[in-house]
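Sequence positions, counted from 1, serve as the residue numbers for this chain. Here the structure is a predicted model, which means the values were calculated and not measured.
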Amino acid sequence: MTKFRKLGRPAAHRMSMLRTMVSQLVRHERIETTVAKAKEVRRLADRMVQLGKEGTLAAARRATAFVRGDDVMHKLFTELAYRYKGREGGYTRLLRTRIRMGDAAPMAYIEFVDRENELREAKPPTPQPPERTPLDPWTRSRISRQWPSATPKQTTTDSET
């Protein structure tokens with residue numbers, strides 16, 4: 001069973017709120033909300049972008065069942081799918097901003113990465129480590145070369161000479 005935050009709401013109200021927030025995030029590419037809601041929206045928004053990248057009819061039907069608005073669907077399957085075609089995951093960024101005055105709730109911006117006017121630049125991809133050559137199992141290691149071999153040395157006897 002997957003774990004999720006209940007956010008102090010009944011199931012229908014929670015899903016309706018999250019669907020609206022994901023749709024608004026796709027439309028505006030940045031929204032401000034509480035940290036707990038932003039963490040839930042991040043999970044769902046990344047899943048919707050992944051469906052957009054998939055581009056199949058089944059993926060389009062699954063995304064249509066969740067997000068609201070034809071313009072949001074079009075943006076998911078064209079603009080965002082093209083923008084993140086080389087990225088494997090992590091399409092959104094969470095930036096903590098302030099404490100809300102009324103109830104002292106921690107607020108945060110959630111935004112898509114690699115876009116214009118983003119609040120923080122995306123980190124460059126980490127370079128891959130150099131490829132190591134495979135070890136030959138028949139060669140002796142450096143440690144075993146320090147000590148003489150365990151096999152006794154061949155000695156010549158006087159009778160042979």
Side-chain angles (χ1 to χ4, degrees), residues 1-137 141-143:
M1 183 173 178
T2 59
K3 300 286 184 180
F4 55 87
R5 292 169 182 82
K6 295 188 179 177
L7 302 172
R9 289 167 173 80
H13 184 192
R14 181 176 56 243
M15 284 312 295
S16 176
M17 178 190 64
L18 291 174
R19 287 176 60 191
T20 302
M21 290 180 82
V22 169
S23 300
Q24 292 300 314
L25 176 64
V26 171
R27 183 175 289 129
H28 300 289
E29 297 195 7
R30 180 192 305 149
I31 57 174
E32 186 180 25
T33 183
T34 62
V35 173
K37 289 178 192 171
K39 287 179 180 179
E40 283 301 306
V41 168
R42 176 174 54 186
R43 293 176 55 215
L44 298 169
D46 284 355
R47 193 173 301 152
M48 290 300 116
V49 172
Q50 194 65 36
L51 288 175
K53 282 175 57 176
E54 222 174 280
T56 62
L57 179 62
R61 287 179 175 162
R62 286 178 60 196
T64 304
F66 191 80
V67 297
R68 296 182 170 152
D70 293 335
D71 57 338
V72 173
M73 280 296 298
H74 185 264
K75 189 170 185 177
L76 264 177
F77 280 81
T78 55
E79 184 180 334
L80 294 179
Y82 179 75
R83 185 189 305 170
Y84 298 122
K85 66 181 177 186
R87 184 179 278 267
E88 293 300 318
Y91 310 112
T92 54
R93 170 187 302 128
L94 190 79
L95 296 169
R96 295 171 187 259
T97 56
R98 62 188 174 96
I99 302 295
R100 191 162 54 191
M101 285 294 285
D103 58 354
M107 301 295 285
Y109 279 117
I110 180 168
E111 68 175 0
F112 284 112
V113 297
D114 297 334
R115 68 180 193 90
E116 295 177 7
N117 301 324
E118 58 186 348
L119 295 175
R120 182 183 294 164
E121 293 294 321
K123 294 179 184 176
T126 56
Q128 294 294 326
E131 192 170 319
R132 296 176 57 182
T133 58
L135 297 175
D136 184 15
S141 67
R142 284 181 279 159
I143 294 175

Hey, is the main chain of F66 close enough, under 3.5 Å, to the side chain of R19 for a donor-acceptor pair?
-> yes
From CA spacing to verdict: side chain to side chain contact (heavy atoms under 4.5 Å, CB included), S23, H28 | CA-CA 9 Å; S23 300; H28 300 289; over 6 Å; no
Applying ring pair (Phe, Tyr, Trp, His ring centres under 6.0 Å), which residue pairs with at least one partner in residues 83-119 are found, sequence neighbours left out?
-> Y84-Y91
Compare all side-chain heavy atoms of E40 with those of K37 and state whether any distance is below 4.5 angstrom.
-> no
R30 side chain near I110 side chain, heavy-atom distance below 4.5 Å = no
Side chain to side chain contact (heavy atoms under 4.5 Å, CB included) with V67: of R27, M48, Q24, only one passes, and it is M48
Taking NZ, NE, NH1 and NH2 as the nitrogens, is one of them in R62 or E54 under 4.0 Å from a carboxylate oxygen of the other?
-> no
Counting heavy atoms not belonging to R61, are there more than 12 under 6.0 Å from its CZ?
-> no
How close do G52 and A81 get, heavy atom to heavy atom, and via which atoms?
-> O-CB, 3.4 Å
Residues R42, D46; criterion side chain to side chain contact (heavy atoms under 4.5 Å, CB included); working and verdict | CA-CA 6 Å; R42 176 174 54 186; D46 284 355; 4.1 Å; yes
More than 12 foreign heavy atoms under 6.0 Å from CZ of R96: is that the case here?
-> no
Kindly indicate whether the side chain of I99, heavy atoms from C-beta on, has any atom under 4.5 Å from the side chain of M107.
-> no
Closest approach of L7 and A36, non-hydrogen atoms and distance?
-> CD2-CB, 3.9 Å
Kindly check if the number of other-residue, nucleotide or ligand heavy atoms within 6.0 Å of CG (D103) is above 12?
-> yes
K53 side chain vs R87 backbone, donor-acceptor pair below 3.5 Å = yes
Report the residues that fulfil ring pair (Phe, Tyr, Trp, His ring centres under 6.0 Å) with F77, sequence neighbours left out, ordered by chain and then residue number.
-> none
Please round to the nearest 0.5 Å and tell me the distance separating atom CG of L18 and atom CZ of R5.
-> 10.5 Å
Can you see which heavy atom on L94 is nearest to which on A38, and at what distance?
-> CD1-CB, 3.0 Å
Side-chain contact, heavy-atom cut-off 4.5 Å: V41 with T33?
-> no
Min side-chain heavy-atom separation E111-T92 under 4.5 Å = no
Quick one: salt bridge (Lys or Arg N to Asp or Glu O under 4.0 Å) pairs with a partner in residues 6-15, sequence neighbours left out?
-> none
Using the side chain to side chain contact (heavy atoms under 4.5 Å, CB included) rule, take L51 and L76 through it: C-alpha gap first, then chi angles, then the decisive distance, then the call.
-> CA-CA 8 Å; L51 288 175; L76 264 177; over 6 Å; no
Straight-line distance of L44 CG to L25 CG, nearest 0.5 Å | 10.5 Å
Exercise: identify the closest heavy-atom pair between V35 and A108 | CG2-CB, 3.8 Å
Between M73 and A60, which heavy-atom pair has the shortest distance, and what is it?
-> CE-O, 3.5 Å
Kindly give the heavy-atom pair with the smallest separation between V26 and L80, and that separation in Å.
-> CG1-CD1, 3.9 Å
Is it true that E32 and R100 have a side-chain N and a carboxylate O under 4.0 angstrom from each other?
-> no
